[in-house]
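Below: one structure, written as structure tokens.
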Amino acid sequence: MSIQIYNTLTRKKEPFIPMEEGKVKMYVCGPTVYNYIHIGNARPVIVFDTVRRYLEYRGFDVNYVSNFTDIDDKIIRTANELGEEVGELTDRFINAYFEDVGALGCAKADAHPRVTEHIGDIIAFIQVLIEKGFAYEAQGDVYYRTRKFDGYGKLSHQSIDELKVGARIEESEIKENSLDFALWKSAKEGEISWESPWGHGRPGWHIECSVMAREHLGDTIDIHAGGQDLTFPHHENEIAQSEAMTGKQFARFWMHNGYINIDNEKMSKSLGNFVLVNDIRKQIDPRVLRFFILSVHYRHPVNFAQELVESAANGLDRIQTAYTNLKHRLKSSTELGDQQDIWKNKVDEAVRLFEVAMDDDFNTANGIAAIFELVKVANLYQLEKNTQTEVLNSFISAFEHLMEVLGLPFADEDLLDDEIEALIEERLTARRERNFGRSDEIRDLLKDKGIILEDTAQGTRWKRG
RNA sequence: GGCGGCAUAGCCAAGCGGUAAGGCACGGGUCUGCAACACCCUUACCACCGGUUCGAUUCCGGUUGCCGCCUCCA
């Protein structure tokens, strides 16, 4: 069974078969860098990083490209307000972006193109669109002639006429049609700008992605992804531009993730409920944030609330504990045994469940359920009097692989300080002597240092709380 | 007005024709010197009304209630 992906273009799940066997070309719309990203911005980064990881797990070679919009109105306005150069501002927030999403376990893309590095390509692209009659210059701006492109609306499943009726945009004197959108915007006095055949100006928002996707991945890409709200007009416009340019299909699969709400309300400036990743990751373990986001199917909305994140933290902890306990048990395991196949089959079954879930349009909620199945079986196995190294290792390996796909690798255990180790030893002695006063004192002392002790039949183990 | 989504236990969340996965929380028990971890047990008239079907949470129609897009937005 191949991987099934829900394609916004067809509104159906379709078997995913890349153009070139074993290779996937993937483009994800990145942020406009004029501020720290909020958790809503982080969702697609996490979700599609996970998609990429799973495709790689499945043996695909993924060429993953995600852009930075480093020139636009909001950037210019913010730079003016802060009295900062545009380039300084965008560099600053691009660095912050990498720190934020890196903390969330997102790997870097194979390429992170910036608009300002592609101005020449953009101008050339626009020129061709003009030559082909898909664009026109008007008073130093260049607009896309939406009426000219037959497929306009095929992604958002709207006809041009319906779009016009609902359009809240004001009729423009200089545009032929209110749905026409800017490919090139003439610069205002003193504004950062680039030389072009139409005078000084800068690119419009939609053209960038068409150009950068093509420069880095070619005329047709396998997967184009982004937030749901980009479906219209951004992605619709990208299709219009790219397909007018090449005459070929632009993207074969379009994936869109749902929103994040805050306490059941949409994040908005007026409500003042923006949650910046840069702030929240200092309060909440970023691994918990990622786990929380992946616990819901990517196309469904996620409600971000304190208690929900806490419950996710407890769940992640259960997985972590099972894994850590397996590692500890390794120290008291044996080489021989007779039931290894039974247990190893259970491990394989959990891994299979995980794959079935992920094959089905990256159903991470079910994938996580499969991991909990593994937790259950692992915990039961550890109730056995004798555990075998080989079986323990197959559990450990399954945990590591699956969590790696989710971008939640287990942290390496820190070594204990000699002092702490000595305290654990002293406590053991105290317990043997039934000096529970001293024993509990030591346990509390270590607890203050963030070390939690657990006594088992195989001895005392510890973890960082 | 157009397009679309969602309504499942206290909370979160899968399921998409054969009478309900998983997690969190709660309660009871086992284990423990006490804990912690773990294990066992317990918890659902699937929004409402019709229809199709031998059979529907799952399909169709309708109702109600939320939500999104149609403007910059992840």
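Sequence lines set the chain letters: A, B, ... in the order given, protein chains first and strands last, and positions in each chain run from 1. Quick caveat: nothing in here was measured; it's all calculated off a predicted structure.
- Every residue meeting the salt bridge (charged side-chain N to carboxylate O under 4.0 Å, His left out) condition with A:Asp72, not counting sequence neighbours, appears here in chain and number order: A:Lys74.
- The shortest distance between the side-chain N/O atoms of A:Lys266 and the OP1/OP2 oxygens of B:A74 is not below 4.0 Å.
- Rounding to whole angstrom units, CZ of residue A:Arg461 and P of B:A36 are separated by 14 Å.
- The phosphate of B:C39 has OP1 or OP2 within less than 4.0 Å of a side-chain N or O from A:Asn379.
- Scanning atom types as modelled, one donor and one acceptor separated by under 3.5 angstrom connect the side chain of A:Arg443 and the base of B:A35.
- The base-pairing partner of B:G4, taking Watson-Crick or G-U wobble contacts with both distances under 3.5 Å, is B:C67.
- No hydrogens or angles considered: a donor-acceptor pair under 3.5 Å links the side chains of A:Thr10 and A:Glu14.
- Comparing the P positions of B:C45 and B:G5 gives a spacing of 28 Å, expressed to the nearest Å.
- For the pair A:Leu163 CG and B:C70 C1', the interatomic distance rounds to 6 Å; values are reported in whole Å.
- In this structure, A:Asp49 atom CG and B:A74 atom P are separated by 18 Å, rounded to whole Å.
- Taking 4.0 Å as the cut-off between side-chain N and carboxylate O, A:Glu176 and A:Arg147 do not count as a salt-bridged pair.
- When both pairing distances are held under 3.5 Å, B:A38 makes a Watson-Crick or G-U pair with B:U30.
- Between A:Asp444 and A:Lys447 there is no salt bridge, since no side-chain nitrogen of the basic residue lies less than 4.0 Å from a carboxylate oxygen of the acidic one.
- A donor-acceptor distance shorter than 3.5 angstrom exists from the side chain of A:Arg43 to the backbone of A:Gly258, with no hydrogens or angles considered.
- Using atom P as the reference point in both B:A44 and B:U8, the two lie 16 Å apart (nearest Å).
- Atom P of nucleotide B:C69 and atom NE2 of A:His235 are separated by 15 Å, given to the nearest angstrom.
- Look at B:U58: it lacks any Watson-Crick or wobble partner with both distances under 3.5 angstrom.
- A distance of about 42 Å separates the C1' atoms of B:G22 and B:G1, rounded to the whole Å.
- Between A:Trp254 and A:His224, the ring planes are parallel. Angles under 30° get that label, and only those over 60° would be called perpendicular.
- Straight-line distance between the C1' atoms of B:C48 and B:C66: roughly 15 Å, to the nearest whole Å.
- Closest contact between the side chain of A:Leu380 and the listed nucleotides B:C70, B:A74, B:C40 involves B:C40.
- To the nearest whole angstrom, the two P atoms, one in B:G4 and one in B:A14, are 22 Å apart.
- Counting to the nearest Å, the P atom of B:U71 and the CG atom of A:Asp73 are 17 Å from each other.
- Rounded to an integer number of Å, the gap from CG of A:Leu155 to P of B:G4 is 13 Å.
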*Summarise how protein sits on nucleotides 11-23 of chain B as a single string, 5' to 3': B when a protein heavy atom is under 4.0 Å from the base, S for sugar-phosphate-only contact, - for no contact.*
SSSSS-----BSS

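- Between A:His157 and A:Asp229, the one whose closest nucleotide on RNA chain B sits nearer the 5' end is A:His157.
- On the C1' atoms, B:G55 is 16 Å away from B:A20, given to the nearest whole Å.
- The partner of B:U52, taking Watson-Crick or G-U wobble pairs whose two distances both stay under 3.5 Å, does not exist in any strand shown.
- Contact annotation: the side chain of A:Asp455 approaches that of A:Arg431 to within less than 4.5 Å [non-hydrogen atoms, C-beta and beyond].
- Of the possible donor and acceptor atoms, none in the side chain of A:Tyr259 sits under 3.5 Å from a partner among the backbone N and O of A:His300.
- At least one side-chain nitrogen or oxygen of A:Arg11 sits closer than 4.0 Å to the OP1 or OP2 atom of B:G4.
- Rounding to whole angstrom units, CG of residue A:Asp317 and C1' of B:C37 are separated by 10 Å.
- A:Ile319 has its CD1 atom 16 Å from the P atom of B:C37, to the nearest Å.
- In this structure, the side chain of A:Asp222 does not engage the main chain of A:Met26 through any donor-acceptor pair within 3.5 Å.
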